[in-house]
Amino acid sequence: MATFLYRLGRFSFRRRRLVLALWIAVLAVVGIGAMGVSSKTTDTFSIPGTQSQRALDLLNEEFAQASADGATARVVFEAPEGRKLTSGAQKAEVKALVAYLGKAHQVKTVADPYTGGTVSEDGTIGYAQVTYAVGDSDVSDRARADLEDIAAQGERAGLAVSMGGSAVVEQAHQSTTELIGILIAAVVLVITFGSLVAAGLPLLTALFGVGLAVLSITLASSVVDLSSNTSTLALMLGLAVAIDYALFIVSRYRGELKEGRTPEEAAGRALGTAGSAVVFAGLTVVIALAGLSVIGIKILTDIGLGAAFAVVVAVVVALTLLPAILGFAGPRIATGKLTSRRMRAVERGEREPMGVRWSRFVLRHPVKVLVTSVAGLLLLATPALSLELGMPGDESATPGSTQRIAYDTIADGFGPGYNGPLSVVVDARGSADPKAAADEAVALLGSLPDVASVSPATFNQAGDVALIRAVPASAPSSEKTVGLVSDIRDRSGDLRDDTGAELMVTGPTALNIDISDKLSDALVPYLCVVVGLALILLMLVFRSVLIPLKAAAGFLLSILATLGVVVAVFQKGWFAGVLGVEQTGPVVSILPIFMIGVVFGLAMDYQVFLVTRMREEYVHGAEPKEAVVAGFRHGARVVTAAAVIMIAVFSGFIFSDTAIIKSMGLGLAAAVLFDAFVVRMTIVPAVMALLGHRAWALPSRLDRLLPDMDVEGEKLRLLLDESSRGATESERVPIGKG
């Protein structure tokens with residue numbers, strides 16, 4: 001692979017105008033295509049094989065007129081102070097608005113508040129339940145505009161009107177915090193390279209690649225329904241890794257230039273060495289992210305494949321467009337006029353780099369450093385013991401948004417459970433008396449302590465499947481509601497024994513509970529798969545058994561500490577005000593498993609870029625501790641810059657209005673902080689010092705079985721050195737003969 005990348009680097013450098021023109025053409029085609037289509041996104045969560053999904057499918061078959069999987073909306077009306085919705089002009093206005101709702105675009109049914117019993121006891125609050133003939137992703141802009149018109153009419157009449165439900169899409173507010181992250185990345189690059197040209201190249205290629213990836217996802221969303229967070233997460237992760245990958249290659253290119261290589265040769269060697277590590281690092285991220293699709297949850301599949309695609313684009317851009325841009329920059333990139341006095345002293349060899357001094361400190365006190373670091377990470381991980389998972393709903397919408405106002409208004413007027421009623425399905429097709437079975441189910445539900453109300457059973461046309469609406473007394477995401485759903489399902493066996501009918505619970509609340517349970521069950525197996533993959537890949541790269549085990553253990557410590565931080569902030573509310581978290585609650589269910597995939601890839605980045613140089617020095621005869629110091633001398637500065645850049649980019653998303661993006665921004669920023677600085681740059685050298693030569697040991701039988709990946713490009717350098725010596729000797733022969 002190193003030889004192929006060497007040739008690719010030289011080709012891209014030499015044919016830079018052609019490569020640049022091709023990339024610009026691709027970006028233009030994709031951009032024009034993306035601007036000419038309307039994308040379809042959705043926040044609906046579904047999971048095949050669960051009871052809630054089976055019940056929903058049965059409702060679609062037996063109650064087709066009800067559009068069980070159609071989008072829904074709740075239009076909430078609140079009377080002016082001192083007045084009621086049950087009398088006078090307010091009632092007439094609500095009636096008129098409900099009639100208008102029934103004629104709105106794509107609306108299938110509307111439940112009148114006065115006939116449906118959805119007016120509060122004091123008469124001040126009411127809501128109309130709206131069901132659409134289409135799914136969430138197919139609700140048109142015209143249908144949403146009709147809702148806004150109804151709200152505006154109600155407010156002109158003096159009513160307070162708010163809307164919630166899956167048909168209502170919260171408007172995302174553009175934030176400048178992402179730009180702050182990019183600016184911090186630019187400052188770090190300037191400090192690292194001491195040159196505006198060298199600092200600008202990683203940013204330029206990263207923005208190019210991320211722009212192409214996001215536009216491609218937008219184009220794809222016109223054909224396939226994608227999660228509304230797919231593009232944002234692809235932007236977050238793609239930008240971070242793209243800058244890092246370009247940083248590693250540019251740093252190696254500058255090093256080759258300083259050794260006297262020609263610019264074209266330096267580009268080839270940079271790609272053959274650092275480029276090989278970029279391919280491996282990118283591959284680990286892609287595998288971990290793409291692996292999320294096997295869990296069977298659409299939103300995880302969407303964001304996993306979308307982010308994986310952004311990483312693939314980042315790798316390809318770094319391997320082709322970046323060397324082409326290096327060709328335009330030429331040797332100027334090697335000279336930096338913005339370096340500090342300390343940096344110039346380091347370059348002249350008058351002062352040791354900070355990374356070298358730190359590594360020597362760790363090597364002098366390996367046991368103390370190791371114990372302190374591990375204990376600190378485990379302490380940070382303790383809040384994760386109380387981890388609770390849940391799916392975001394209107395209760396997690398931005399305070400002040402129409403969804404959040406609607407949620408709070410319904411909770412005040414009726415109780416929190418009315419925001420998440422349960423659809424209880426009685427499948428009596430195997431019962432001798434379906435009506436008696438449904439009556440027994442209604443009585444059973446009414447006897448449960450956390451049920452606020454139960455509606456009479458509604459039968460299908462055949463009279464053998466009934467739908468019952470049960471309202472919990474607690475909020476949809478509360479532990480009491482989770483327990484209620486579990487209790488109802490546990491009682492299903494009693495109903496089956498008595499009547500032959502099956503009791504199933506569905507609806508958004510039950511679906512979210514099932515998704516959370518599914519993700520909780522998948523968390524440990526997925527973690528085992530990712531750790532197993534890490535062991536295999538690192539064994540191939542480092543040709544060692546203990547180093548992969550150490551890397552996997554460090555990865556686990558990073559994940560546990562990160563989960564502890566996320567639970568502490570978003571679930572327990574620690575430092576919530578500082579980070580702009582206005583609503584605490586269960587951690588978004590997809591966050592832990594998504595973070596495992598991402599952090600695994602990022603952890604392997606730092607492991608590869610730091611430890612490959614140690615292995616290179618060790619293979620060349622250095623003692624184990626000397627190899628560690630050499631690895632830090634050449635790699636610590638670049639890894640530090642890469643980590644700071646990633647933390648800055650991810651931190652920019654902490655102040656997003658969307659709960660899932662906010663939590664992922666904090667989680668990924670914390671994960672990079674722990675993994676780069678505590679695990680890779682502290683625990684790794686401490687363990688290497690304690691292991692000594694054993695760190696690089698590989699059983700002879702395993703050595704013969706494993707292919708030599710040559711990630712550090714050692715074979716390439718030997719081949720080039722031999723070619724160089726051969727060329728020199730062939731030139732000497734004619735001279736001697738002459």
Side chain proximity check, Glu440 to Thr499, heavy atoms < 4.5 angstrom: yes
side-chain contact (heavy atoms from CB on, under 4.5 Å) assessment of Ser492 paired with Ile488: CA-CA 7 Å; Ser492 177; Ile488 294 173; over 6 Å; no
From CA spacing to verdict: side-chain contact (heavy atoms from CB on, under 4.5 Å), Leu292, Leu305: CA-CA 8 Å; Leu292 294 171; Leu305 294 179; over 6 Å; no
Side-chain heavy-atom pair Arg83, Leu159 within 4.5 angstrom cut-off: no
Spacing of CG belonging to Leu147 relative to OG1 belonging to Thr402, to within rounding of 0.5 Å: 9.0 Å
Closest approach of Ala501 to Val426 (non-hydrogen atoms, all atoms of both residues): CB-CG1, 4.0 Å
Gap between atom CG of Leu467 and atom CD of Glu62 - 0.5 Å precision: 12.0 Å
Distance-minimising heavy-atom pair for Phe570 and Leu666: CE1-CD2, 3.4 Å
Partners meeting side-chain contact (heavy atoms from CB on, under 4.5 Å) with Pro421 (sequence neighbours left out): Arg469, Val471
Contacts of type salt bridge (charged side-chain N to carboxylate O under 4.0 Å, His left out), residue Asp433, not counting sequence neighbours: none
Working for side-chain contact (heavy atoms from CB on, under 4.5 Å), residues Ile590 and Met664: CA-CA 10 Å; Ile590 65 172; Met664 284 188 176; 4.0 Å; yes
Criterion side chain to side chain donor-acceptor pair (under 3.5 Å) against Ser52, the qualifying member of Thr509, Thr506, Asp514: Asp514
Candidate pair Lys91 and Thr86, rule side-chain contact (heavy atoms from CB on, under 4.5 Å), full reasoning: CA-CA 5 Å; Lys91 183 174 181 178; Thr86 52; 5.5 Å; no
Crowding at CG, Asp497 (>12 non-hydrogen neighbours, <6.0 Å): yes
Closest heavy-atom pair and its distance - Ser140, His105: OG-CD2, 3.0 Å
Donor-acceptor under 3.5 Å (Gln571 side chain, Glu388 main chain): yes
Closest contact, heavy atoms only, Pro472 versus Gly420: CD-O, 3.6 Å
Test item: side-chain donor near acceptor, Ser386 and Lys572, under 3.5 Å: yes
Beyond-backbone contact of Leu289 with Leu237, side-chain heavy atoms, under 4.5 angstrom: yes
Separation between OG of Ser453 and CZ of Phe414, rounded to the nearest 0.5 Å: 10.5 Å
Within-4.5 Å side-chain heavy-atom neighbours: Tyr132 and Thr72: no
Distance, nearest 0.5 Å, that separates CZ of Arg429 from CG of Asn460: 8.5 Å
Least distance between heavy atoms, Gln53 atom then Leu511 atom: OE1-CD2, 3.7 Å
Carboxylate-amine/guanidinium contact Asp146 Lys103, below 4.0 Å: no
Atom pair CG/CD1 of Leu235 and Ile217 - distance to nearest 0.5 Å: 9.0 Å
Exam field: side chain Lys108 to backbone Thr131, donor-acceptor pair closer than 3.5 Å: no
NZ or CZ of Lys435 within 45° of Phe459 ring axis and under 6.0 Å: no
Lys95 atom NZ, neighbour heavy-atom count above 12 within 6.0 Å: yes
Residue list, side-chain contact (heavy atoms from CB on, under 4.5 Å) with Arg54, at least two apart or on another chain: Gln51, Glu502, Met504
4.5 Å side-chain heavy-atom contact, Glu148 and Val168: no
Any donor-acceptor N/O pair, Ser455 side chain to Ile468 backbone, under 3.5 Å: no
Check: Arg74 and Asn419 side chains under 4.5 Å, non-hydrogen atoms: yes
Val485 side chain near Val482 side chain, heavy-atom distance below 4.5 Å: no
Heavy-atom pair with the smallest gap, counting every atom of Arg144 and Val139: NH1-O, 3.2 Å
Any side-chain heavy-atom pair of Gln153 and Leu97 under 4.5 Å: yes
